[in-house]
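Report on the following structure.
Every chain is numbered from 1 and lettered A, B, ... according to where its sequence line falls, protein lines coming before strand lines. If you're wondering where the values come from, they're calculated on a predicted model, not measured in any experiment.
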Amino acid sequence: MASLLEIKDLAVAYKTGHGTSHAVNGINLTINNGEALGLVGETGAGKTTIALSTLNLLPKKVGHIENGDILFKGKSVFQMNKKELADMRGNKISMIFQNPLTSLNPVFTIGEQISMVLRKHKNLSKKEARMESEELLKMVGIAKSRYDDYPNQFSGGMRQRVGIAAALACNPELLIADEPTTALDVTIQAQILELMKKLQHENSTSLLMITHNLGIISEICEKVAVMYAGCIVEYGTVKEVFSNPKHWYTKGLLGAIPKLEGERERLTAIHGNVANAQDLPSGCKFHPRCDQCIDTCKSEVPSLIQISDDHYAACWNMEVNANGRK
Amino acid sequence: MAENNTQPLLEVKNLKKYFKLKTKGTLHAVDNVSFNILPGETVGLVGESGCGKSTVGNLLMKLLSTTEGEVRFKGENIIGTKGAKDMEFRKKMQIIFQDPFSSLNPQKTVRTILAEPFTIHKLCKTQEEMNKKIEYYAALVGLEEYVLDKFPHELDGGRRQLVGIARALTLSPEFIVCDEPVSSLDVSIQANIINLLMDLQKKFNLSYLFISHDLSVVRHISNRIAVMYLGQIVEIAETDEIFNNTLHPYSLALLSAVPKIDLDNKSQRIILNGDVPNPINPPSGCRFAARCWMAKDICKQKSPVLTEVEPNHCVACHFYKESRQEMKKRNTQ
């Protein structure tokens with residue numbers, strides 16, 4: 001499989017009057033054609049920063065790329081000129097935003113907003129764009145008679161579906177979904193997830209799914225990267241990582257979630273708070289909250305170690321299996 | 001409702017809350033809701049946004065006026081009481097709010113926030129006594145002492161929610177409404193708060209009404225679960241019963257909709273069409289009929305009544321037997 005998106009040693013910092021926040025600290029990620037990668041982590045782990053960097057959408061003057069590069073089909077997104085960027089955004093890479101209430105423009109009808117994408121990138125006439133937009137609306141389950149309605153006339157779930165229709169208008173090669181269902185109810189979330197699964201299956205779009213919900217990852221993605229304080233602490237296939245977690249943070253996360261089946265055990269809480277990006281600890285970023293912390297953790301940054309074919313973790317003190325293998 | 005040997009701490013009978021709208025008629029936020037809560041019990045209230053969960057919580061706390069119905073606390077109706085008597089009830093019933101960012105006064109330090117209940121109910125004679133009590137409750141929920149002299153904006157979400165919990169505990173209540181207490185927090189912090197709430201319950205024999213849209217959290221903490229849809233309770237039963245022997249089609253769909261960590265991908269999902277209908281002038285008949293895949297003519301004409309169909313298991317559906325068969329079929333697949 002050829003790699004579609006390559007993130008190399010990416011480090012991003014936000015510089016404001018109050019200091020510097022190190023949001024992303026040296027991340028390597030690859031997304032292959034047709035692959036679905038999940039990015040999990042808590043608030044402030046740097047998930048959204050990665051998404052924005054990929055589209056070169058970091059806020060100017062505040063967001064700085066400190067190091068590294070992002071290659072889309074071998075070409076650096078930071079080297080692209082305005083025209084190339086405009087051609088990439090919404091066409092080859094598109095994004096579904098978290099909040100369906102604020103990501104649509106309230107003064108345009110939803111039909112116009114979808115048509116706009118088509119007319120810009122596919123050079124369609126007004127009439128053709130309308131016809132294709134109506135098809136897209138049908139695909140996401142919205143009646144075409146609602147083409148001329150404004151966003152405020154739709155419910156949250158429907159607005160999110162409009163967002164998805166617009167994002168898929170040009171058959172993007174990579175779809176970035178930033179917490180697409182967090183603001184929605186579970187039954188609506190189920191509709192959206194089912195829709196995304198179907199689309200992924202039919203169009204073989206690559207997907208970068210950003211969420212804090214491990215259940216969604218397990219349903220939609222093949223691979224998962226667990227982030228903590230701007231670093232990837234564990235990476236691998238969903239099956240490997242969730243059934244055999246190696247990093248203590250991943251273990252903590254899995255233990256902290258109440259289960260829907262089986263015995264109700266006491267939750268294993270991770271003590272302390274998420275690391276402050278303005279004042280990151282030395283060594284492993286997770287060490288102040290880790291029960292298995294050893295001296296090395298405090299001073300040296302662990303790198304990702306290969307555990308099996310498709311499973312990596314960055315920890316100095318991993319549990320050793322019965323056979324002596326890490 | 002089930003016959004129980006112990007007397008319920010809280011009985012809610014035919015509770016109704018209608019909001020009169022200027023333009024379009026009446027919004028039926030809560031319509032004929034009845035349930036009870038035993039001492040030391042947690043009842044979970046689940047449902048989608050706009051189904052009236054929080055309104056029920058607010059009605060119990062008398063933060064909203066009730067249109068009709070009764071709320072009995074230890075046998076006494078608290079709706080309509082005033083003055084000193086009202087103050088007594090309010091001491092015994094507290095609420096923890098969803099959003100720890102907007103439910104704490106930004107102009108006051110944590111100490112002042114925690115002192116307020118004592119001042120209002122005139123419980124402390126000296127400043128020292130009050131400080132001692134404040135420090136006791138802060139330590140109880142695990143807040144460090146330095147936090148007491150900080151303002152809410154200086155704290156993270158988890159600590160803010162701890163302040164909210166400490167505030168609810170100050171008057172040693174017997175009943176606490178937890179209105180989505182963990183939904184704005186990260187999972188690792190959420191686990192802390194859930195563990196704390198369960199520990200406190202054991203320690204003080206508290207009763208909770210736990211309102212949440214997160215089914216896994218509700219399952220973890222509740223003894224019984226009530227499922228709400230559009231202002232009505234459609235099913236209420238013990239936690240394991242409702243998960244293993246779901247009878248109402250809506251509960252069935254709701255349970256199947258939650259994404260789970262399921263590495264074998266066995267689960268089958270019921271996808272509901274459409275959104276929750278508008279609670280303004282709701283249709284007669286079953287309110288779920290428009291989205292229900294088992295609905296027949298009778299559902300649109302006659303509203304099903306919440307009836308006890310099995311011991312301690314009440315459901316409001318004309319076709320709960322068929323629904324159960326469906327459930328069994330899914331489980332064996």
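With a threshold of 4.5 angstrom between heavy atoms, B/Ile271 approaches chain A through side-chain atoms but not through N, CA, C or O. With a 4.5 Å cut-off on non-hydrogen atoms, A/Leu193 touches chain B through its side chain but not through its backbone. Contacts of A/Leu253 with chain B are made by side-chain atoms alone, with heavy-atom separations under 4.5 Å and no backbone atom involved. A/Ile220 does not touch chain B: none of its heavy atoms, backbone or side chain, sits under 4.5 Å away.
Heavy-atom contacts from other residues, nucleotides or ligands closer than 6.0 Å to NZ of A/Lys251 number more than 12. Counting non-hydrogen atoms of neighbouring residues, nucleotides and ligands closer than 6.0 angstrom, the CG atom of A/Asn152 exceeds 12 such neighbours. With a 6.0 Å radius and a threshold of 12 heavy atoms from other residues, nucleotides or ligands, B/Glu144 has its CD atom above the threshold.
At a threshold of 4.5 Å between non-hydrogen side-chain atoms, the residues A/Glu261 and B/Lys260 count as touching. B/Thr239 is listed as a side-chain neighbour of A/Arg264, based on a closest heavy-atom distance under 4.5 Å.
The two atoms that bring B/Ala257 and A/Ala190 nearest to each other are CB-CB, 3.8 Å, heavy atoms only. Considering every non-hydrogen atom in both B/Ser188 and A/Ala269, the closest pair reads O-CB, 4.3 Å. Across all non-hydrogen atoms, the minimal contact from A/Glu219 to B/Val258 is OE2-O, 4.5 Å.
No donor-acceptor distance shorter than 3.5 angstrom exists from the side chain of A/Asp185 to the backbone of B/Glu48, with no hydrogens or angles considered.
Taking non-hydrogen atoms and a 4.5 Å limit, the residue list of residues 40-47 of chain A in contact with chain B, ordered by number, reads A/Glu42, A/Thr43. Chain A is approached within less than 4.5 Å, heavy atom to heavy atom, by B/Leu215, B/Ser216, B/Val217, B/Arg219, B/His220, B/Ser222 from residues 211-222 of chain B, ordered by number.
With chain A as partner, the option from B/Leu255, B/Leu254, B/Asp199, B/Leu185 having the largest number of non-hydrogen pairs under 4.5 angstrom is B/Asp199.
Of the candidates A/Asn213, A/Thr181, A/Thr211, B/Pro259 forms a side-chain contact (heavy atoms from CB on, under 4.5 Å) with just one, namely A/Asn213.
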Q) Can you list the steps and then say if B/Gln190 with A/Ile257 is a side-chain contact (heavy atoms from CB on, under 4.5 Å)? A) CA-CA 8 Å; B/Gln190 171 181 308; A/Ile257 303 168; 6.0 Å; no

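Checked against side chain to side chain contact (heavy atoms under 4.5 Å, CB included), A/Lys198 has the following partners two or more places apart in sequence or in another chain: A/Glu202. The side chain to side chain contact (heavy atoms under 4.5 Å, CB included) test applied to A/His212 returns A/Glu179, A/Thr182, not counting sequence neighbours.
Here CG of A/Leu267 is found 5.0 Å from CG of B/Asn195. Values are rounded to the nearest 0.5 Å.
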